[in-house]
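Residue numbers begin at 1 in each chain, while the letters A, B, ... track the order of the sequences.
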Amino acid sequence: VINPHSKGSVTLKVMEYSYDDDLEELCPVCGDKVSGYHYGLLTCESCKGFFKRTVQNNKRYTCAENQECKIDKTQRKRCPFCRFQKCLSVGMRLEGKRKHLLPQQKKDTFLTH
DNA sequence: TTAGCCTTGAAA
DNA sequence: TTTCAAGGCTAA
């Protein structure tokens with residue numbers, strides 16, 4: 001913005017845009033803060049660990065309700081079954097067992113903010 | 001069992 | 001050499 005009141009000088013005002021609203025930084029599973037890519041997508045540290053444990057030890061859970069439990073940061077512990085279901089539904093996959101397999105370029109998803 | 005921090009190793 | 005996600009570790 002050019003200040004019309006300044007004579008010889010020009011003041012430039014930089015508009016700092018804050019899209020605080022939807023800056024996808026939340027785990028698609030529980031809404032916690034993401035810590036990076038885990039099993040294919042951005043998730044939080046806890047869901048990463050949960051998914052890992054579940055897969056590694058072949059955990060089998062059962063839902064006490066109708067397998068429709070809402071998963072959020074405070075209820076995620078409540079129903080592992082629904083939590084795992086959600087992990088799968090949002091796209092978590094165990095396609096990167098360490099020690100082999102090429103992660104190739106999964107650069108299809110950017111963080112173009 | 002959960003979840004945050006740490007180690008590791010393949011890819012860039 | 002740096003990056004960063006998989007897997008390890010462990011306090012609570």
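Counting any heavy atom pair closer than 4.0 Å across all strands shown, A/Gly36 reaches sugar-phosphate atoms only and no base atom. In this structure, A/Arg76 reaches the sugar-phosphate backbone alone: every heavy-atom distance under 4.0 Å involves primed, P, OP1 or OP2 atoms, never a base. Using a 4.0 Å heavy-atom cutoff across all strands shown, A/Lys77 reaches sugar-phosphate atoms only and no base atom.
Contact between the side-chain N/O atoms of A/Tyr39 and the OP1/OP2 oxygens of C/dG7 is found at a separation under 4.0 Å. When the side-chain nitrogen and oxygen atoms of A/Lys48 are compared with OP1 and OP2 of C/dG7, none of them lie within a distance under 4.0 Å. Remark: A/Gln56 is in phosphate contact with C/dG8, judged by side-chain N or O atoms under 4.0 Å from OP1 or OP2.
Rounded to whole Å, atom P of B/dT1 lies 8 Å from atom OH of A/Tyr61. If you take CD1 of A/Ile71 and C1' of B/dT2, they are 14 Å apart, rounded to a whole angstrom. In this structure, the CD atom of A/Glu45 is 13 Å from the C1' atom of B/dT7, given to the nearest Å. Between the C1' atom of B/dA3 and the CZ atom of A/Phe51 lies a distance of 17 Å, rounded to the nearest Å.
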Report all side-chain donor-acceptor pairs from residues 57-67 of chain A shorter than 3.5 Å, counting only partners two or more places apart or in another chain.
unit_1  : atom_1 : unit_2  : atom_2 : d
A/Asn58 : OD1    : A/Arg60 : NH2    : 3.2
A/Tyr61 : OH     : A/Thr54 : OG1    : 2.7

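By the side-chain hydrogen bond (donor to acceptor under 3.5 Å, both in side chains) test, A/Arg76 pairs with A/Asp32, A/Ser46, sequence neighbours left out.
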